[in-house]
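What follows is a single structure, written as structure tokens, with notes after it.
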Amino acid sequence: MGRCAGVLARRGEERIAIRAPFTILASGGIGGRYRHSTNFPHLTGDAIDIAKKHGIRLEHLDYVQIHPTTLYSRKPGRRFLISESVRGEGALLLDRHGERFVDELLPRDVVTKAILEQMEKDGTDHVWLSMEPIPREKILSHFPHICQRCLEGGYDVTREWIPVVPAQHYFMGGIWVDSESRTSMPGLYAAEDIARRTVQDTLDMAAEKIV
Ligand SMILES: Cc1cc2nc3c(=O)[nH]c(=O)nc-3n(C[C@H](O)[C@H](O)[C@H](O)COP(=O)(O)OP(=O)(O)OC[C@H]3O[C@@H](n4cnc5c(N)ncnc54)[C@H](O)[C@@H]3O)c2cc1C
């Protein structure tokens, strides 16, 4: 494998070679690849494609966390997350007939699977979340931000069910890097959401900070 010598940038039709001794890939997460995500649609994990093209080591691309409940919308843009704490306080997940179909407090992946199966069964794009079991005062005092954002979306959570859908939330895989953020290609680094550190590297870094 060769050494990274910089980037080839594009401005309109013009191609510009920018030479650099060290280059960092930092194109953010992958949410834009999903129909529903809590991340911005323009974040499509482009650095992964670049890395793949050049044979740079990738790891655990399937480590993607899906959050079971985000506010359903047909509009483009990132989805608003309806936190687990709402279900913790007693909110219920309902199918198109208003029937419960899953224990709302099961782990994220299990609840997500149940919701997706129910959507398929019902032929719908979402299921419903009802906050009816939670006293109105508690909804308003514990979840003011959720109330506000849902109102902006056209739903009063103290009076009506809201449509929710699972959405991509967090990406744990990506471009492999060591504890110095070096990729497997000399001269090339990767940082933040697009980079995937080994568990041992993360522990080593934490230990260094403690010492
Ligand atoms: C709703 C939400 C809440 C969050 N809350 C927190 C929090 O409270 N605390 C916390 O620590 N983290 C939080 N995060 C996570 C945090 O925002 C990310 O971890 C962080 O922004 C990742 O930084 P990054 O540099 O990898 O990506 P980003 O900050 O997303 O930056 C990536 C940049 O790359 C650019 N880019 C992408 N593709 C290309 C391309 N092909 N060519 C050129 N440029 C490109 C993008 O335009 C963008 O400017 C939250 C994230 C979300 C979605």
Side-chain angles (χ1 to χ4, degrees), residues 4-20 22-61 63-73 75-87 108 112 129 142-153 157 162-185 187-199 201-203 205-206 209:
C4 179
V7 298
L8 188 58
R10 192 168 56 194
R11 186 167 51 193
E13 293 304 305
E14 192 186 0
R15 294 278 198 281
I16 310 161
I18 304 170
R19 298 202 165 269
F22 305 104
T23 304
I24 304 176
L25 293 172
S27 68
I30 59 165
R33 296 192 184 214
Y34 289 76
R35 180 168 171 219
H36 297 291
S37 172
T38 57
N39 290 289
F40 292 101
H42 69 280
L43 300 174
T44 46
D46 296 355
I48 289 186
D49 297 322
I50 296 169
K52 198 170 173 201
K53 186 172 157 196
H54 294 280
I56 294 159
R57 182 173 165 194
L58 301 169
E59 213 162 51
H60 300 317
L61 297 187
Y63 282 21
V64 178
Q65 189 184 91
I66 308 289
H67 195 286
T69 51
T70 65
L71 185 63
Y72 173 77
S73 170
K75 291 185 193 154
R78 73 190 217 202
R79 297 290 165 252
F80 177 66
L81 197 147
I82 308 292
S83 137
E84 247 106 31
S85 53
V86 176
R87 279 175 280 133
R108 284 183 180 179
T112 293
L129 186 79
H142 285 211
F143 309 113
H145 188 50
I146 291 178
C147 291
Q148 182 58 36
R149 286 295 297 267
C150 288
L151 265 184
E152 286 165 16
V157 295
I162 56 170
V164 290
V165 67
Q168 186 274 344
H169 182 49
Y170 195 66
F171 180 43
M172 289 84 77
I175 299 169
W176 177 90
V177 292
D178 67 11
S179 58
E180 305 285 322
S181 283
R182 285 182 289 233
T183 70
S184 62
M185 175 180 270
L188 184 66
Y189 293 70
E192 290 290 327
D193 284 7
I194 205 67
R196 197 261 162 197
R197 283 198 182 87
T198 63
V199 172
D201 283 334
T202 307
L203 291 174
M205 283 163 67
K209 276 185 189 155

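When a ligand or atom number is given, it counts from 1 through the structure's own listing order.
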Taking every non-hydrogen atom, the tightest pair across A47 and L25 =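 Answer, listing the atom of A47 first, then L25: CB-CB, 4.0 Å.
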
Who's touching ligand 1 if we go heavy atoms under 4.0 Å?
->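 Only A26, S27, G28, T38, N39, H42, L43, D46, R78, E192, D193 have heavy atoms that fall under 4.0 Å of ligand 1, ordered by chain and number.
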
Pairs flagged by salt bridge (Lys or Arg N to Asp or Glu O under 4.0 Å) wherever residues 41-55 is involved - sequence neighbours left out |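 Listed once each, the pairs are R33-D49.
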
Under 3.5 Å, which donor-acceptor pairs link side chains of residues 166-175 to any protein atom two or more places apart or in another chain?
from, atom 1, to, atom 2, distance (Å)
Q168, OE1, S37, OG, 2.8
Q168, OE1, N39, ND2, 3.3
H169, ND1, T38, OG1, 2.8

State, with a plain yes or no, whether a side-chain heavy atom of P68 is found less than 4.5 Å away from one of R87.
-> yes

In terms of the angle between their ring planes, are H60 and Y63 parallel, tilted or perpendicular, with boundaries placed at 30° and 60°?
->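 The arrangement is parallel - the two ring planes meet at less than 30°.
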
By side-chain hydrogen bond (donor to acceptor under 3.5 Å, both in side chains), which residues pair with S73, not counting sequence neighbours?
-> none

